[in-house]
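Letters A, B, ... mirror the listed sequences (proteins, then strands); counts begin at 1.
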Amino acid sequence: MVNTANFLDFEKPLVELEKKIDELTAAAAAGTGANVRDEISKLRAKSNKALADLYANLDPWKKTKVARHPDRPHYVDYVRSLVKDFVPLAGDRNFADDEAIMGGLGRFKGRNCVIIGHEKGKTTDERLKHNFGMARPEGYRKAIRLMDMAEKFGLPVISLVDTAGAYPGLDAEERGQAEAIARSTERCLTLGVPMVAVITGEGGSGGAVAIASANSVLMLENSIYSVISPEGAASILYRSNDKAKDAAIGMKITAQDLKGLGVIDEIIPEPLGGAHRHSDAVIKSVGEAVDKALKAFDGMDAAAIKAHRRERFLKIGRSLQA
Amino acid sequence: MSWLDRIRPGINKLLKKKTNDTPDNLWVKCPDTGEMLYRADLEAKLWVTPSGRHMRINGETRLKQLFDNSQYEAIDLPEVVEDPLKFKDDKKYVDRLKAARAANNARDCMSIGYGKIKGNDVVVIVQDFSFMGGSLGMAAGEAFIKAAETAVAKNCGMICVTAAGGARMQEGILSLMQMPRTTLAIDSLRDAALPYIVLLTDPTTGGVTASYAMLGDIHIAEPGALIGFAGPRVIEQTIRQKLPPGFQRSEYLKEHGMVDIVVHRADLRETFGKLLGMLKPQAKAA
């Protein structure tokens, strides 16, 4: 049975089909109705075709919705599947532990690594606990602390980015949100060990950059990375919340756009229907892509790794044509 | 963005120096008291009103105020690709740029000068809020990198005077990428053991605060400047509470450990002179 409760608005045409399939399947199980099996496979084919059509040409606004889908794999899912002997590490040693950014040590495909990343949470309780993936200064300071440790022990850093942005609250400002983000970005850029970042869902503004200023920046096919949310841009630039779609298109926020602009290095494909329908396959692809990206830095010394990152960011925008 | 709209006409008025001969511009209305202030007096007071308000000033005015005898070498801004995203909201980005250039007589929001403050060589880069809200785009990012490269080449310190609403949204992700790019420029100043001093002015928010504005060896703020990551309106919407008075102002940031000193505009040269004198770069080995 497919859970239609989490279908996105543009996926609604599929809901009816799925419901019908469920009814018929139930009827078949009860032994009522003739030719039910044929009917089910016909509907199944129709549903698959409809899904393929929907996902063949997702516009940037639909991609934004897919990128935010609650069933997409999150930090904890990636870590559970890809990291062995994971030891979660908490706290900024200064004020608190911020669970909007998680971190820990573990073995990824035979390498000891530091793995940091945003966690949005799935259930209501989890979402509150993780503050919907919107970090406070403590989250960024924890990331800095873990990057310091990675440097000390020569461990590569894997960063999984999925945030609407840094938390815009009074307490966050009070404790230096801007400074924490700036220092975290700086720490990424000064690391003498390789760092690979994957935008797995939303790469929201400075809150994303703070842990995404890496040697390799990869993006899942239906993720977005943006200077401001489409809704935010719509209310400021277009002075209308209805223009989020226009803003999403205009700002060039999709993986495909960003690859074209030279901002990201690689797009990790998602199976038809998006990561939220194919968690296991997507986690596996992300694992392979990160492994490949890390291998490129094998044997490189700290100075060369730093220089690589510096070159990578300084050249962004310089060869673009108007 | 309502506060931004509110102050914009005031800034535009201030910048229309050419029309000095009209009686209108002989006087400037104090934004706090409503008192009419004689323009020449205000200029002599470095655009600080009798009630202490440090008014927003443009890049050229700032550079002249800071350098010895108002003398400096202007450093050209690097060329960047214009409107790479072909962005359009209710207006085309290229048209907004054109209008901002005409109104400000500048290519973008940054101005760079190289000269001396109290005898110390220094590169000063100034962000002008009146140019599209001082927003950080590719032009501003490249200018910042150029300023840092100049400081390294001249083996001198760098001062950045910040004023911005944040990133230039019309350049999308390319504006966001200026956060790591400017951070790399600061990194090269550190590698060369050169001082990097930030002067935070009203207002400094968003991606600018969350990058080069908060990475100085020393952070100085002008009194009463709005400084923060998220804007006050966004925070109020998030927490559904009114913000306390003085929140995100210079004095509040000092109290919370983010700013070293709050310095009156009239005392900036003195302060910079002392700091640059003590954080002197080592003589370069031949």
Selection from B:Thr238, B:Leu184, B:Ile227 maximising heavy-atom pairs under 4.5 Å formed with chain A: B:Leu184
B:Tyr252 side chain reached by A:Glu174 side chain, heavy atoms, under 4.5 Å: yes
Region of B:Glu142 in contact with chain A, defined by heavy-atom distances below 4.5 Å: side chain
Which portion of B:Thr209 sits near chain A, non-hydrogen atoms under 4.5 angstrom: both
Rounded distance [0.5 Å steps], CD1 in B:Ile186 versus OG1 in A:Thr190: 12.0 Å
Pairwise distance CZ(A:Arg310) to CZ(B:Arg181) - rounded to 0.5 angstrom: 10.5 Å
Expected output: side-chain A:Glu173 to main-chain B:Ala230 donor-acceptor under 3.5 Å: yes
Residue pair B:Asp90 / A:Tyr238, side-chain heavy-atom distance below 4.5 Å: no
Residue A:Ser213 versus chain B: region with a heavy atom under 4.5 Å: side chain
Distance (rounded to the nearest 0.5 Å) between B:Leu85 CG and A:Ile253 CD1: 11.5 Å
Side-chain touch B:Leu215/A:Thr185, heavy atoms, less than 4.5 angstrom: no
Pairwise side-chain contact, B:Val80 with A:Arg318, heavy-atom cut-off 4.5 Å (strictly under): no
NZ/B:Lys146: more than 12 non-hydrogen atoms of other groups inside 6.0 Å: yes
Atom pair CD1/OH of B:Ile235 and A:Tyr167 - distance to nearest 0.5 Å: 9.5 Å
B:Gln170 side chain near A:Leu237 side chain, heavy-atom distance below 4.5 Å: yes
Chain A contact via B:Arg240 - which portion, at a heavy-atom distance below 4.5 Å: neither
From A:Leu320 atom CG to B:Glu82 atom CD, the distance as rounded to the nearest 0.5 Å: 13.5 Å
Under 4.5 Å from a heavy atom of chain B, the part of A:Ile228 involved: side chain
From CA spacing to verdict: side chain to side chain contact (heavy atoms under 4.5 Å, CB included), B:Asp187, A:Leu189: CA-CA 9 Å; B:Asp187 198 33; A:Leu189 293 167; 5.8 Å; no
Nearest-0.5 Å distance, OG1 of residue B:Thr183 to CD1 of residue A:Ile181: 11.5 Å
Which atom of B:Met169 lies closest to which atom of A:Ala233, heavy atoms considered: SD-CA, 4.4 Å
Winner by heavy-atom pair count (cut-off under 4.5 Å) against chain B, out of A:Ser240, A:Gly206, A:Ala208, A:Gly250: A:Gly250
Non-hydrogen side-chain atoms of B:Leu243 and A:Leu170 separated by less than 4.5 Å: yes
Max heavy-atom pair count under 4.5 Å with chain B, selected residue of A:Arg309, A:Gln177, A:Arg183: A:Arg183
For chain B, the option from A:Leu258, A:Asp257, A:Leu314, A:Asp171 that forms the most heavy-atom pairs under 4.5 Å: A:Leu314
Structural part of B:Tyr212 lying under 4.5 Å from a heavy atom of chain A: neither
Within 6.0 Å of NZ in A:Lys65, more than 12 heavy atoms from elsewhere: yes
B:Leu253, part contacting chain A, at a heavy-atom distance under 4.5 Å: neither
Residue pair B:Leu176 / A:Tyr225, side-chain heavy-atom distance below 4.5 Å: yes
B:Pro180 vs A:Glu186 side-chain heavy atoms within contact, under 4.5 Å: no
Derivation and outcome, side chain to side chain contact (heavy atoms under 4.5 Å, CB included), residues B:Ile173 and A:Met251: CA-CA 7 Å; B:Ile173 193 81; A:Met251 287 197 296; over 6 Å; no
Side chain / backbone / both / neither for B:Lys91 at chain A, heavy atoms under 4.5 Å: neither
